[in-house]
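As the structure is a prediction and not an experimental result, all values here were calculated from the model. Atom set for the values below is all heavy atoms of this structure, side chains included, hydrogens, waters and symmetry mates excluded. The sequence lines fix the lettering, A, B, ..., with proteins before strands; numbering per chain opens at 1.
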Amino acid sequence: MTPVVQAKGIVKRYGHVTAINHSDFELRPGEILAVIGDNGAGKSSIVKAICGATIPDEGEILIEGKPVSFSSPIEARDMGIEIVYQTLALSPALSIADNMFTGREIRKPGFLGKYLRMLDKPAMEKFAREKLTELGLMTVQSIKQPVETLSGGQRQGVAVARAAAFATKFIIMDEPTAALGVKESRKVLELIQDVKARGIPIILISHNMPHVFEVADRIHIHRLGKRLCTIDPKDYTMSDAVAFMTGAKEPPAQDAA
Amino acid sequence: MTPVVQAKGIVKRYGHVTAINHSDFELRPGEILAVIGDNGAGKSSIVKAICGATIPDEGEILIEGKPVSFSSPIEARDMGIEIVYQTLALSPALSIADNMFTGREIRKPGFLGKYLRMLDKPAMEKFAREKLTELGLMTVQSIKQPVETLSGGQRQGVAVARAAAFATKFIIMDEPTAALGVKESRKVLELIQDVKARGIPIILISHNMPHVFEVADRIHIHRLGKRLCTIDPKDYTMSDAVAFMTGAKEPPAQDAA
Amino acid sequence: EINACLITKTDTNPFFVKMKEGATAAAEANGINLSTYAGKIDGDVESQVAAVETCIASGAKGILITPTDSRALTPVITQARDAGALVIALDTPFEPANVADATFATDNFKAGVLIGQWAAAKLGDEAANAKIALLDLNASEISVDYLRDGGFLQGFGIDIKDPTDIGDEDDPRIVGHDVTNGNEEGGRTAMENLLQIDPGINVVYTINEPAAAGAYEALRSVGREDDVLVVSVDGGCPGVQNVGEGVIGATSMQFPLRMASLGIDAIKAWAENGTKPANTEGLDFFNTGVELITDAPVDGIPSLSSADGLKKCWG
Amino acid sequence: MSETSGMGSKGQHYEQVLEGSDTRVAQFEVRNTTLLSRVQHILHNNPTFVPVIVLVISLLAFGLIAGGRFFSAFNLSLILQQVSIIGMLAAAQSLIILTAGIDLSVAAIMVLMSVIMGNLAVNLGVPSPFAILLGFAGGMAAGAMNGLLITKVKLPPFITTLGTWSIFFALNLWLSGAQSIRSQDIDDQAPFLKFFGNAFNIGGARITFGVILMVVIFVALWYMLNKTAWGRHVYAIGDDMEAAELSGIRTERTLVSVYMLAGLVCAIAGWASIGRVGSISPQSFYEGNLQSITAVVIGGISLFGGRGSILGALFGALIVGVFQSGLRMAGVDVLWQVFAIGWLIIIAVAIDQWIRRVSA
Amino acid sequence: MSETSGMGSKGQHYEQVLEGSDTRVAQFEVRNTTLLSRVQHILHNNPTFVPVIVLVISLLAFGLIAGGRFFSAFNLSLILQQVSIIGMLAAAQSLIILTAGIDLSVAAIMVLMSVIMGNLAVNLGVPSPFAILLGFAGGMAAGAMNGLLITKVKLPPFITTLGTWSIFFALNLWLSGAQSIRSQDIDDQAPFLKFFGNAFNIGGARITFGVILMVVIFVALWYMLNKTAWGRHVYAIGDDMEAAELSGIRTERTLVSVYMLAGLVCAIAGWASIGRVGSISPQSFYEGNLQSITAVVIGGISLFGGRGSILGALFGALIVGVFQSGLRMAGVDVLWQVFAIGWLIIIAVAIDQWIRRVSA
Ligand SMILES: Nc1ncnc2c1ncn2[C@@H]1O[C@H](COP(=O)(O)OP(=O)(O)OP(=O)(O)O)[C@@H](O)[C@H]1O
Ligand SMILES: Nc1ncnc2c1ncn2[C@@H]1O[C@H](COP(=O)(O)OP(=O)(O)OP(=O)(O)O)[C@@H](O)[C@H]1O
Ligand SMILES: [Mg+2]
Ligand SMILES: [Mg+2]
């Protein structure tokens, strides 16, 4: 089966800092791929390179076997790729509903929508409320509230809900549960599994080993700017994974795939 | 023993949103107090009220038995209170060393420092590098690097190192390990215990139950803007704590302290 | 080869644009190499100082300048003269005038007096009950502004008190002063404002013809265009045309082209045999003259018709 | 693997209890203690009220100071006329300020386009509607130049428009030769250029088409900003450009469209200015850039972008107009008018900040 | 409690392996492929080079166009003199722009203070040094007014200084009666006011004390910004105000000190301007605000605050001076000078952005 994403020899330098150092990457259809690694290992950098949020200096990216070179994340999004950024990418002064729909707003039916391009706010608000309820974000007091008035975790919930609602090809989640509470994290993990059940593969960056081992089909271990190895969580323990990623143990000799 | 911090009936409203709803708070000498609660429960709000970063609408705060009303976090800091904010509070364009020392820079000895007020940059850089090494943040390539070029976790490391280095009264840490890797989180927990061993109490907000149960002496459970109860981690299980904080179970009838 | 400089107040006012054209043409005819400079806006002393310095540095034999501030430029002008350049003030005299070697200027006060007298004569006995609006330049009250304004009022027969201060008069016939920035938009707004204070205004003094055109639009919009006397100063061709069409009752024409060409001639003479131009008898400057242009001449005030004016106008 | 014994079928052991967790949406009682804070709250939720109230207060104040004349229908309609051109520029400026930009070139574009329309129609005999359309195209091109420099070359808007302001101003002087086109010549050759100078009277008030045009422009832009996706994108860009980009807004395209639209509005204002002034003068509106910014900030639109309603700019322009008219009627020197406007800016924005403080 | 079996003595079971983890600091080889990107890198690490290079290039270019006269020691020193006042304003402006502010009132403060000094010393007979000190105090007071409005009333700097600009301008016209004080009168009554007009010659160059003063101001401010804690705080505030506040900087006090210092520098520039112009003219330097901003941005200081070196502003001012002088010498019309300066701003800042792009 052709991988959904295949990246070869990606390099990204920032001045004297090397963020990605000839790294490979592979996401297979229908899987949840966890990406783990130390802080600053280059995890965010490599997924950003895949979705066009940064443009790599070297290397090749194939999506479903076809070479792509995105110049902006919008191109990736138009292909049905959704990303939950570590920085969330929400507009603080806009409402939750507006944020959920940026770039794909619903217009009113009929003349108003077609010619006057009027937005259908009630429809968008209803949808947004439903998605937040699915995630169990019950502390959000009003759906018209500007995002800047939400707590850190509530914001993360909004970003995750948005990605899950609109992805068709794959989703990248960069530490989606970092700021979330126990209950909310659990909901996100459930959501990830729901998405997978819909056949959409997911790249999950996380520092939470129990979460990673619970949901991942494969684990990509990133170290010093490159892929060290990929392991199957059924074959290795969390201790092994942590040992590989921190350099405490040598990784297994890798097979081709 | 007089509590280090005692807060009574704190209220904070933002327009129509109630962030703190007549909440109490208590930190005892030498202890690690964990604060847990759902996203948006008001954890960040209450600790910000304690350290002067927000000014509560109602209520009373005593520090070491003396009523205080901070009008800015600088006043709290001058008393030896350090905070690691959820948003970190680092200046992106300044170097790691500059960030560690903002507001308490080291001046050159002698005439240069005294009359020309010249900074002793080498001394500050050396100190900063030591502190980061203690935390195990080995991926930081240069101490003169602007903070904006660090990964999310590296930044958090800088903020934690700064607080630990300078606190004398107590430290508030708002989710200090949220963005940290396994190794780095571990270092932060060790650091927290070191700080406690120095006799400095710590308020630790965290969503990570294993961490909380590992280090906390007492756990403050926050729910819907107020303190629901405080529990001793030796008397209750993680499941109990989670059940209380999510409203799945009624909290125990609270004793006076 | 003779180097010379022309430094005007701005490059945006048609008056100076024309002056520059005149000087450039005269310089070409006389084989003089002329460089031109200007301030960015009225009052831009710094640009003019820099321009004079550049002229000194480039070894100019003569400098023609319309000082943007008649008092401010003295030191640099003195430097220029020390460096051997003939300095001639055009249009606006220095204070004192002998800062420059010579001044070729319109008597702005006289220009005001002419239109003031004309307006008073035109109204006859009604002049005692006139309601006068004065549309001035801007808040800074520079010399052209107070000279023309004061000249007009004095010509009209009003005590102007401090001649350098606008608006200190207490004659009840004055409805008010407002500023126009010397353009149509400002003229219109100012006229509207003053009409609000007293709709019965029947004499309007304007700092220049664009302001007059704007004032006329305001009058027209309230149907008063035919029963108000609008007077102005300048003598630009569009202004003279406006006199012909009844927009402006009378205007005092000045002669920027003449100033410029006289200036160039003087520099040539200075460069060739070291002679300096002389002032007009009884004045501390060489008066390049003002002519009253109106199609409704009154006795005792010599004037030209707009048709004749069009032959002499400058732009 | 024995190590993972802590994990149940559904995550960590302690997560098993989540089934029973509370599912209600949080609700708290709302109380506002003092009258002042209640007013502050109401205004906070309806920020456009603030300039409206300032406007009403200044109207009343000047009514008292300057007397009944000030309140005549005619005088009030006159203020509208005087405000109309700066109002349109303020509309254009608002669009740009909402994207966290600033446009120092709006007045330069306006004057340049009116000069182009005039030169074409009056001097070169191009039919007026055609000349006007060319002026509109020019306005959009000027806006596109700003927009492209900002998005493609990544220059800050302040710098870009500081530069293009000089450029447009120089072009304007060059094309016009610093000469005005006379009102009478326009009447003869191309009266259509003065279309917006036409007026009708209702009950003593004289309403020019230009005033109507200003209102129409504001309403249309308000609709676009508040009821269409494009408008939401404009706000999102002003709010946080990077977040907007990452969340799927074509920020560059939207920004260029904003600058082009602003350029078009300026060109329309240029046309309207011919009707208002009567003639076409390359020297007028030199201070129009700062005046438009003044109107926008008095109207409560944040210079940091993303916050405020474009209608605020309309009220802001009216407030300045009322002040100027009122001060003149009260016989205040130009000098002190300048002084008063300075304080007006500071006080109006201070009130606005006080209202916003509620949420800080 | 059996549930916690997953936890060892030191955290979770899987954390036990951390003992063996790698402890080296990460190192990567550094390679820059093309010559262009290498240049870009060097400049990126030394951003002040950029305006220096632009300055050298423009000097060479105008040397070619305008011929040898341009390169004479006298002409070059003349450019320095011409730049000195705007240069000092640019120094004040830089301070403020580094805090992410902007000051539209610098030139107004400067002129107002020179008028005050002149009125006191020449018209009222106050001894010159005393008049000058009062002017300095006035400059600091004006700066304090800006600073307090910005910190206490929380107005954006653009709006504050737009307002105070009007206020200072009106005061200036009022105090001076719109009249200049003549050079001769200053010579008679208070020659010390002209101190900075004195000059000495070295090899054909004429260096005024005003030029020296400008350089001294820049060096002093550079030292303060880069070598003292106060300077680091200024950068931190410009970078992220909230973070600066939370990380223990007394942001309000620092900001007020910045505005007061800028006001003082403006007052000093006001004194120097008397020496430069020779007289005291309330109308001069009307465009000084925008010119100082132009110098600052051409010098590579970010309008968003926190980035750039104050020395850049010096080079920025020199670049503009060289351009203006060169264009004048080459006989270019003012019209086209304005046009050229417009492009200069855009191109200089575009180059600067290109250099910065390396890290984006
Ligand atoms: N804009 C930038 N400029 C310079 N260096 C950068 C930039 N962005 C990232 N880096 C560097 O690249 C390296 C990788 O960063 P990245 O954000 O990809 O790490 P990460 O694996 O996502 O870490 P974390 O788990 O902390 O999020 C880090 O050393 C960081 O300092
Ligand atoms: N500036 C603000 N304006 C309006 N509402 C706010 C503001 N700050 C916080 N809130 C609201 O107050 C409530 C408590 O927020 P707080 O940040 O204290 O939560 P928290 O317990 O720290 O959550 P998290 O675990 O997600 O960080 C939330 O509902 C939030 O929406
Ligand atoms: Mg990351
Ligand atoms: Mg929080």
> In this structure, are over 12 heavy atoms from other groups packed under 6.0 Å from E:E242 atom CD?
Replying inline: no
>> Please classify the contact between D:I102 and chain E as side chain, backbone, both or neither, with a heavy-atom cut-off of under 4.5 Å.
In response: side chain
Can you check whether [X] reaches [Y] side chain to side chain, under 4.5 Å on heavy atoms?
X      : Y      : result
E:P156 : D:V297 : no
E:F339 : D:W174 : no
E:Q353 : D:L155 : yes

>> Run the side chain to side chain donor-acceptor pair (under 3.5 Å) test against D:E252 and tell me which residues pass, sequence neighbours left out.
In response: D:K152, D:K154
> Hey, what do you get for CG (D:L162) to CG (E:L290), rounding to the nearest 0.5 Å?
Replying inline: 6.0 Å
> Given the options E:I345, E:V334, E:L149, which has more heavy-atom pairs under 4.5 Å with chain D than any of the others?
Replying inline: E:I345
> Which answer fits E:S302, side chain, backbone, both or neither, if we ask what part of it has an atom under 4.5 Å from a heavy atom of chain D?
Replying inline: neither
> Side chain, backbone, both or neither: which part of E:L303 has a non-hydrogen atom closer than 4.5 Å to chain D?
Replying inline: side chain
Show me, pair by pair, the donor-acceptor contacts under 3.5 angstrom made by side chains of residues 164-173 of chain D, not counting sequence neighbours?
| residue | atom | partner | partner atom | Å |
| --- | --- | --- | --- | --- |
| D:T164 | OG1 | D:N146 | OD1 | 2.8 |
| D:T164 | OG1 | D:T160 | O | 3.2 |
| D:N172 | ND2 | D:P282 | O | 3.3 |

> So which of D:I347, D:I346, D:I293, D:L104 has the largest heavy-atom pair count under 4.5 angstrom toward chain E?
Replying inline: D:I346
